[in-house]
Number of protein chains: 2
Amino acid sequence: MEDFMTLKKQLCFAVYETAGEFNKLYTSVLQPFGLTYPQYLVLLALWEKDGVTLKELGAKLSLGTGTLTPMISRMEANEWLRKERSKEDERKVYIYLREKAVSQRQPITSKVAEVILSCQIELEEYEQLMQQLSTLQNKLKSNGRQ
Amino acid sequence: MEDFMTLKKQLCFAVYETAGEFNKLYTSVLQPFGLTYPQYLVLLALWEKDGVTLKELGAKLSLGTGTLTPMISRMEANEWLRKERSKEDERKVYIYLREKAVSQRQPITSKVAEVILSCQIELEEYEQLMQQLSTLQNKLKSNGRQ
DNA sequence: TATGATTAGTTCGTATACGATTTAAATAAA
DNA sequence: TTTATTTAAATCGTATACGAACTAATCATA
């Protein structure tokens, strides 16, 4: 009974594994559209607000440019997005949805919603988890500061 | 109010971000020991039960051999582990802790525990999350089967 | 017992992910 | 105004992570 340090009892591992499960499930849904799961998250962000800088996008997704730059390039090559250097500030790169991403929005989100619904996650369960994960994230982030 | 498909409202994203936060926090703790976060999970599994096959280890960690093989090689190179082909069944490879992994167990787990404790996660919160993530994982995994 | 199927690991190709370094542009300061 | 600092991206090196293809060993079965 004394052992707290077992794999199964680690919250970090429960989150790690759950993230992996989500990844696999979403991958199976998104594969037919030629999208990866992180690429879908990029589209989600841009469907909400189009024409943002790489930095803004990174802030929303908690990703650095070291991850985003090559990912955006791939999505550009696959005609989901286009990049445009700002004229006012040439350091900035704005990302815009291309027609494909706009027209595929409904089919993609419908299919995703359908599959997630089929998992039968209760609304209360969903909202509690969202709330608790938010609290947890804050605690993890604020660690170190006193 | 109508938009369910925003990034912030996605449970998948909340889990994804939280996993990232855990990763960063654990990385900061484990870096001085020359360990990555997934490598630490491998040690956690082996500290519990030493001398398991690659496949057994993969089952515990929900990782395939495509991920584990190179990771174990790196941990072997860094003298945490050693590999041994089974004599009875030469397809199998058993993984054993090396002295370094045994002697470093206390320092590593102490430091990890210290940092996690400093996050002030309530026991009730912890257990509820563990429970809810377990339920969620089952729902995600059972998806597809009617 | 010879052959076909299964199994365990390895290897390969692709895609994240991160921190550190570099580059170029914009801003601040001297 | 020249120089120093800051900022936004890109690039680089390392480490996961996954599925598919491959190899070698074992097992099943005809």
Side-chain angles (χ1 to χ4, degrees), chain A residues 12-13 16-42 52-59 61-78 80-81 83-95, chain B residues 12-13 16-42 52-59 61-78 80-81 83-95:
Chain A
C12 65
F13 182 61
Y16 168 90
E17 257 195 316
T18 309
E21 292 299 336
F22 264 124
N23 199 327
K24 280 174 204 170
L25 182 56
Y26 274 81
T27 296
S28 72
V29 179
L30 297 166
Q31 190 113 284
F33 295 100
L35 275 176
T36 67
Y37 172 52
Q39 288 172 6
Y40 165 74
L41 295 178
V42 166
V52 293
T53 65
L54 201 64
K55 191 180 161 64
E56 276 176 84
L57 195 56
L61 297 166
S62 304
L63 290 175
T65 60
T67 302
L68 272 182
T69 298
M71 200 171 129
I72 294 298
S73 293
R74 281 185 288 271
M75 294 182 75
E76 203 186 6
N78 293 324
W80 296 105
L81 313 172
K83 296 194 322 192
E84 200 177 301
R85 281 261 164 212
S86 165
K87 290 268 164 55
E88 299 84 45
D89 186 341
E90 295 208 4
R91 288 172 305 182
K92 295 182 181 173
V93 169
Y94 282 87
I95 318 287
Chain B
C12 65
F13 182 61
Y16 168 90
E17 257 196 313
T18 310
E21 292 299 335
F22 263 125
N23 199 326
K24 281 175 203 170
L25 182 57
Y26 274 80
T27 296
S28 73
V29 178
L30 297 166
Q31 190 113 284
F33 295 100
L35 275 177
T36 67
Y37 172 53
Q39 287 172 7
Y40 166 74
L41 295 178
V42 166
V52 294
T53 64
L54 203 62
K55 189 179 163 64
E56 275 176 86
L57 195 55
L61 297 166
S62 305
L63 289 175
T65 59
T67 301
L68 273 181
T69 298
M71 199 171 129
I72 294 299
S73 293
R74 282 185 287 272
M75 295 183 75
E76 203 186 7
N78 291 326
W80 295 106
L81 313 173
K83 296 194 324 191
E84 201 175 301
R85 283 259 164 213
S86 165
K87 290 268 166 52
E88 300 85 43
D89 185 342
E90 295 208 5
R91 290 171 305 181
K92 294 183 181 173
V93 169
Y94 282 87
I95 318 289

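Note on naming: letters A, B, ... go to the chains in the order of the sequence lines (proteins, then strands), and numbering restarts at 1 for each one. As a basis for the values below, the full set of heavy atoms in this structure was taken, side chains included, without hydrogen atoms, waters or symmetry mates.
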Rounded distance (Å) that lies between atom [atom2] of [N] and atom [atom1] of [X]:
| X | N | atom1 | atom2 | result |
| --- | --- | --- | --- | --- |
| A/Ile72 | D/dA10 | CD1 | P | 9 Å |
| B/Arg85 | D/dA24 | CZ | C1' | 9 Å |
| A/Leu68 | C/dC18 | CG | C1' | 12 Å |
| A/Asp89 | D/dT7 | CG | C1' | 8 Å |
| B/Ile95 | C/dA8 | CD1 | P | 14 Å |
| B/Leu25 | C/dG19 | CG | P | 12 Å |
| A/Arg91 | D/dA8 | CZ | P | 6 Å |
| B/Leu30 | C/dG19 | CG | C1' | 16 Å |

Using a 4.5 Å cut-off on heavy atoms from C-beta on, say whether the side chain of [Y] contacts that of [X].
| X | Y | value |
| --- | --- | --- |
| B/Thr67 | B/Leu61 | no |
| A/Ser28 | A/Lys24 | no |
| B/Phe33 | B/Tyr40 | no |
| A/Val42 | A/Trp80 | no |

Next on the checklist: Using OP1 and OP2 only, check whether a side-chain N or O of B/Lys87 sits under 4.0 Å from D/dA25.
Outcome noted: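 Answer no for this pair, as no side-chain N or O of B/Lys87 is under 4.0 Å from OP1 or OP2.
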Checklist entry - Do any side-chain nitrogens or oxygens of A/Lys55 fall under 4.0 Å of OP1 or OP2 in D/dA8? => result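 Answer yes for this pair, as a side-chain N or O of A/Lys55 is under 4.0 Å from OP1 or OP2.
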Checklist entry - The side chain of B/Thr53 lies closest to which of these nucleotides: C/dG9, D/dA25, C/dA25? => result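 Closest of the options to the side chain of B/Thr53: C/dG9.
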Item to check | Intermediate values then yes/no, side-chain contact (heavy atoms from CB on, under 4.5 Å), A/Leu57 and A/Ile72 | outcome: CA-CA 10 Å; A/Leu57 195 56; A/Ile72 294 298; 3.9 Å; yes
Checklist entry - So A/Tyr26 and A/Tyr37, would you call those rings parallel, tilted or perpendicular, with 30° and 60° as cut-offs? => result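 Correct class here is tilted.
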Next on the checklist: I need a per-nucleotide contact map over nucleotides 14-21 of chain D, read 5' to 3'. Cutoff is protein heavy atoms under 4.0 Å; write B for the base, S for backbone only, - otherwise.
Outcome noted: -SBBBB--
Checklist entry - When you match B/Leu54 and A/Glu90 each to their closest nucleotide on DNA chain C, which lands nearer the 5' end? => result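 The residue whose closest nucleotide sits nearer the 5' end is B/Leu54.
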Next on the checklist: Under 4.0 Å, counting only non-hydrogen atoms across every strand here, what does A/Glu88 touch: a base, just sugar-phosphate, or nothing?
Outcome noted: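 The answer is sugar-phosphate, as A/Glu88 gets under 4.0 Å only of primed atoms, P, OP1 or OP2.
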Next on the checklist: A quick test of your reading: do over 12 heavy atoms of other residues, nucleotides or ligands sit less than 6.0 Å from CD of B/Gln31?
Outcome noted: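 Count not over threshold, so no.
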